[in-house]
Undergrad: 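One structure is given below, represented as structure tokens, and several questions about it will come after.
FYI, side chains are in, hydrogens and waters are out, and symmetry mates aren't considered; it's all heavy atoms of this structure. Starting from 1, each residue takes its place in the sequence as its number.
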Amino acid sequence: MKPIGNIRRSQVLSGNGPGAIIDFRGEGGAPLSVVAAGLEAWDLLSGKPGLLNEQRIFHEPLQARLGVKGFRLPPVGKERVGNGERDRLLPAYRFPGWHVCPKCELLQRTRYWGAETGRQELFCSNCSTGRGKRAKKVHVVPVRFVVTCRDGHLQDFPWMSWPRHSEGCSRKKALKLRGDGSGLKGLKVHCTECLTERDLDGALSPGVLAKMKIRCEGRQPWLKNDGCDCTNEPVGIQRGASNAYFPVIASALDVPPFGGSFREKLDEFWGDLTELDDPEQLPRFVRQRIHPLWHDQSISADQLTTKVQALLKMLASDSGDLRINEHMMLCSGSPEDEEFREFKITPQAVPHGMQEFLGNLVSVDRLREVRALRGFTRLSPAEAEDRSAKIAPLSQQKLNWLPAIEVRGEGIFINFAMERVSGWENKPEVQERAAAAHAAAKRTWEEHNGSERPFPMEISPRFLLVHTTAHALAERLSLDSGYSTASIRERLYVSAGPGGMCGFLLYTSAPDSDGTLGGLSRKGRTSELGPLLLAALRDLEWCSSDPLCSSGILSLSEGSGSAACHCCTFVPETSCEHFNRHLDRALLVGTPGNPSLGFFRPLLEKDI
């Protein structure tokens, strides 16, 4: 197998994972299009399969939540095989299966084009001239359109069926794809036998392929399967469209007490601990096996047993919310009697004049995050909270591992003052606006997923407050911290009720062991954060798209009436957990007609 190009390790998690269509340039600039292969193919190219591979990482709480035993890093570098070495490669298969010659406009399947042994590029034999060093190859181009469905299946566009052939046409002769004008209307599929042709105007519209009796064949070319019965409507999309691949990511921070030194000190006992037949045996096991060898004899056997039980209980649950523990530790600080290499925070005083609005401000000096790829969707992204979403698989059979990366970095954590939040979110006008946003999100969900599964989240006033504030501060931080908005990610902590979570973490990270440079965490100091947050809120008072944005006209396609657009609150989609959905700056700063709607309106009216 010959390498055809390079991608960064992190790109496997951000949009180039198994099932994604990836474009490369071969020798001489020849275009190549492939679909990244499934996880079984990873093992075929690895000297050590599965979790025996050296490039693996672990995060027990996240493993328990996803039902796996560990994670594999996307392969990089070289590995030893026998007495030699070979490159670690990510496998891929050629897709789509149709190409067009840019010179003679011939359109045909891959197997009919010319190829050289050991080379991946395809060329048109009729248009290419010369031999050897003087050869001038005309390389063919992968077609722009493919067909998918909401279950993530993928197949070739029905090129042979697209023209309205004359009666008696055998449909065995080649097609041509002619360019005769701009847009899809200027692209015409021409049959060289019956001489009929049809332009591609409307080829990507919903329902067009169904009217032609084209059905979804249930194919998963990244898994090399033969297809299955699928009742979904097939939809034509562009090969490189943004809706061709939405990765579904599960992530977790490495925070105490379930990470760091406590878990590491249990490592030599871990295999026996997780295989105890009877939970009642745990106290005796800790007392006899672990406690005599424990580094800190000031802790009693009963206390150690309680900590081990809490860890095992959390790891045994595949439905627990890992963010509850993260939020608790970010609010309370790491224990003083333990050192955690991957978690270091410095609580800060809330800036003057903001105590009414903010409950906690924390400068996060070091963190570790593990991001695992669960699967992917096409056409529309899955909600982050929807664990029952029907996502396309990464492998033919469920494996005991998933692809993942680990990153280290730093950031800022802000938690809102709950007393102020509780009073604000109970205002009738605030609840009414959030209810409209929730109803709109639910309608969109049902359009893509049907009504058989309930909408997996609540778009509450609290959620809109936390999410929009995170975006506003990220935009402002990018101007002061030295990091672009694409480098700053959000992590939201929101749950209902008086004791629920209401905060967010903005962080930047890098995949090396040193992490990042500390520029973002320094902005979390009291003296720095106050002016930054105030400036971010001032920026939201007016948008360059007003009055259209503030009146909700720009969000009419969603039906939410929210005040949010690319000019004020949107950030790069890789930075947002919800793909720039569920935002409303009016709930932060109010509207011209109703300023009191804004949570921060009294702050903006103060002279700080």
Undergrad: Within the side chain of Arg371, is there an N or O that forms a donor-acceptor pair under 3.5 Å with the backbone of Ala250?
TA: no

Undergrad: So which atom in Cys101 and which in Val140 form the shortest heavy-atom distance, rounded to 0.1 Å?
TA: CA-CG1, 4.0 Å

Undergrad: Does Thr485 offer a backbone N or O that forms a donor-acceptor pair with the side chain of Ser575 under 3.5 Å?
TA: yes

Undergrad: Might you work through the salt bridge (Lys or Arg N to Asp or Glu O under 4.0 Å) test for Lys172 and Glu193, ending with a clear yes or no?
TA: CA-CA 8 Å; Lys172 293 182 179 179; Glu193 180 181 351; over 6 Å; no

Undergrad: Quick check: does any side chain N or O of Arg323 sit under 3.5 Å from a backbone N or O of Leu492, one acting as donor and the other as acceptor?
TA: yes

Undergrad: Between Asp254 and Val370, is there a donor-acceptor pair closer than 3.5 Å when you use the side chain of the first and the backbone of the second?
TA: no

Undergrad: Which label fits His467 and Phe463: parallel for a plane angle under 30°, tilted from 30 to 60°, or perpendicular past 60°?
TA: tilted

Undergrad: Can you see which heavy atom on Arg378 is nearest to which on Ala244, and at what distance?
TA: NH1-O, 2.7 Å

Undergrad: What are the two closest heavy atoms between Leu45 and Leu89, and how far apart are they?
TA: CD1-O, 3.9 Å

Undergrad: Testing the basics here: between Leu506 and Ala474, what is the closest heavy-atom pair and its distance to 0.1 Å?
TA: CD1-N, 3.7 Å

Undergrad: Decide, yes or no, whether a salt bridge links Asp23 with Arg239 under the criterion of side-chain N to carboxylate O below 4.0 Å.
TA: yes

Undergrad: Ignoring hydrogens and angles, tell me if any N or O in the side chain of Trp222 forms a donor-acceptor pair with the backbone of Pro393 under 3.5 Å.
TA: yes

Undergrad: How long is the span from the NE2 atom in His578 to the CD atom in Glu490, to the nearest 0.5 Å?
TA: 6.5 Å

Undergrad: Given the rule in the salt bridge (Lys or Arg N to Asp or Glu O under 4.0 Å) test, do Glu116 and Lys137 qualify, once you have shown the distances and angles that lead to the verdict?
TA: CA-CA 11 Å; Glu116 292 182 353; Lys137 298 258 188 324; 3.0 Å; yes

Undergrad: If you count the non-hydrogen atoms of other residues, nucleotides and ligands that lie under 6.0 Å from CZ in Arg119, is the total more than 12?
TA: yes

Undergrad: Backbone N or O of Thr508 within a donor-acceptor pair of the Ser487 side chain at under 3.5 Å?
TA: no

Undergrad: In the structure I gave you, are the side-chain heavy atoms of Val76 and Gln55 within less than 4.5 Å of one another anywhere?
TA: yes

Undergrad: Is Asn225 reaching over with its side chain to a backbone N or O of Gln220, donor-acceptor style, under 3.5 angstrom?
TA: yes

Undergrad: Cut-off 3.5 Å, no hydrogens considered: what does the side-chain donor-acceptor table look like for residues 105-112, sequence neighbours left out?
TA:
| unit_1 | atom_1 | unit_2 | atom_2 | d |
| --- | --- | --- | --- | --- |
| Thr110 | OG1 | Gly97 | O | 3.0 |
| Thr110 | OG1 | His99 | ND1 | 3.4 |

Undergrad: Sequence neighbours excluded, which residues qualify as side-chain contact (heavy atoms from CB on, under 4.5 Å) partners of Ala586?
TA: Arg433, Ala563, Asp584, Thr591, Leu597

Undergrad: Can you tell me if Arg72 uses its side chain to pair, donor with acceptor, with the backbone of Gly50 under 3.5 Å?
TA: yes

Undergrad: Is the closest side-chain heavy-atom distance between Cys149 and Cys230 below 4.5 Å?
TA: yes

Undergrad: For the pair Lys188 and Asp180, find out whether any cationic side-chain nitrogen is under 4.0 Å from an anionic carboxylate oxygen.
TA: yes

Undergrad: Donor-acceptor check, side chain of Glu40 to backbone of Gln396, threshold 3.5 angstrom: yes or no?
TA: yes

Undergrad: What I'd like to find out is whether the side chain of Pro75 reaches to under 4.5 Å of the side chain of Ser46, using heavy atoms alone.
TA: no

Undergrad: With a 6.0 Å cut-off on ring centres, are Phe504 and His471 close enough?
TA: no

Undergrad: Taking the six-membered ring where the residue is Trp, are the ring centres of Phe376 and Tyr245 under 6.0 Å apart?
TA: yes

Undergrad: So which of Ile7, Ile405, Leu373 actually passes side-chain contact (heavy atoms from CB on, under 4.5 Å) with Pro74?
TA: Ile405

Undergrad: So Arg164 and Glu197, salt bridge (Lys or Arg N to Asp or Glu O under 4.0 Å) or not? Walk me through it.
TA: CA-CA 7 Å; Arg164 297 184 175 93; Glu197 63 182 20; over 6 Å; no

Undergrad: Minimum heavy-atom separation for Pro49 to Asp43, with atom names?
TA: CA-OD1, 3.4 Å

Undergrad: Walk me through whether Leu154 and Phe95 qualify under side-chain contact (heavy atoms from CB on, under 4.5 Å).
TA: CA-CA 10 Å; Leu154 198 61; Phe95 186 85; 3.6 Å; yes

Undergrad: Would you please name every residue forming a side-chain contact (heavy atoms from CB on, under 4.5 Å) with Leu200, sequence neighbours left out?
TA: Phe145, Phe157, Trp159, Trp162, Leu177, Leu184, Leu187, Val189, Ala203

Undergrad: Would you check, one step at a time, whether the test side-chain contact (heavy atoms from CB on, under 4.5 Å) holds for Leu209 with Val235?
TA: CA-CA 7 Å; Leu209 298 182; Val235 180; 6.0 Å; no

Undergrad: Can you name the closest pair of heavy atoms from Thr192 and Ala174 and give their distance?
TA: OG1-O, 2.5 Å

Undergrad: Would you say the side-chain atoms of Gln155 pair up with the backbone N or O of Val146, donor to acceptor, closer than 3.5 Å?
TA: no

